[in-house]
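Working notes, beginning with the structure itself.
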Amino acid sequence: MSVNLYDHANELERAIRQSEEFTQLQSMYDAVNNDESARGIFENFRDIQLGLQQKQMNGEEITEAEIEQAQKTAQLVQQHEVISKLMESEQRMSMLIQELNKVIMKPLEELYGSMEKEGPTQ
């Protein structure tokens, strides 16, 4: 009898949506979006982050001015209570996803880990 992994993946999706981590993240995301000042600061912060990541991926050099701008924006974000709470919620959600990924990958790690212990077959 074969196990339908998609059914289990859908169950996991529903569980994530009902988790405290996700509902808190959703609540904080809504709070930022409902606060015009917070939304503007947050969107600016994300745009700067994405721009710097894109430059890195393209192998382009990041200027001192861009670093300085990113640091100033990060300070604004940290000082804004609503955005700061959103970022804390994002971090908790990210940690949950990392833990789930470890569980999901465990069978492959065990399989390949056992192959490494046995060494190459001849």
Do [X] and [Y] have side chains that get closer than 4.5 Å, going by heavy atoms?
X   : Y   : result
I41 : V32 : no
Y29 : L86 : yes
S89 : Q26 : no
S84 : Q78 : no
L12 : H8  : no
K85 : E81 : yes

Any link between [X] and [Y] through a network of hydrophobic side chains (Ile, Leu, Val, Met, Phe, Trp, Tyr) touching at under 4.5 Å?
X    : Y    : value
F22  : M95  : no
M105 : L111 : yes
I48  : F42  : no
M28  : V77  : yes
V82  : F45  : yes

Closest non-hydrogen atom pair, I16 against S19: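 Of all heavy-atom pairs spanning I16 and S19, the closest is O-OG, 2.7 Å.
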
Gap separating the [atom1] atom of [X] from the [atom2] atom of [Y], nearest 0.5 angstrom:
X   : Y   : atom1 : atom2 : value
T73 : D47 : OG1   : CG    : 10.0 Å
Q71 : L76 : CD    : CG    : 12.5 Å
I83 : E90 : CD1   : CD    : 10.5 Å
I62 : Q69 : CD1   : CD    : 13.5 Å
E61 : Q56 : CD    : CD    : 11.5 Å

Indicate yes or no for a side-chain donor-acceptor contact from [X] to the backbone of [Y] under 3.5 Å, with no hydrogens or angles considered.
X    : Y   : result
S27  : T23 : no
S94  : Q91 : no
N58  : Q54 : yes
N101 : I97 : no
N34  : D30 : yes

Run R92 and E99 through salt bridge (charged side-chain N to carboxylate O under 4.0 Å, His left out) and show every step you take. CA-CA 11 Å; R92 283 193 296 278; E99 289 300 314; over 6 Å; no

Does CD belonging to Q49 count more than 12 external heavy atoms closer than 6.0 Å?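 Yes.
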
If you draw a 6.0 Å radius around CD in E60, do more than 12 non-hydrogen atoms from other residues or ligands fall strictly inside?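 Enclosed: over 12 neighbouring heavy atoms sit under 6.0 Å from CD of E60.
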
Can a salt bridge be assigned to the pair K55 and E66 using a cut-off of 4.0 Å between side-chain N and carboxylate O?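 Salt bridge present between K55 and E66.
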
Are the charged groups of E11 and R17 less than 4.0 angstrom apart, N to O?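 Salt bridge between E11 and R17, a charged N being under 4.0 Å from a carboxylate O: no.
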
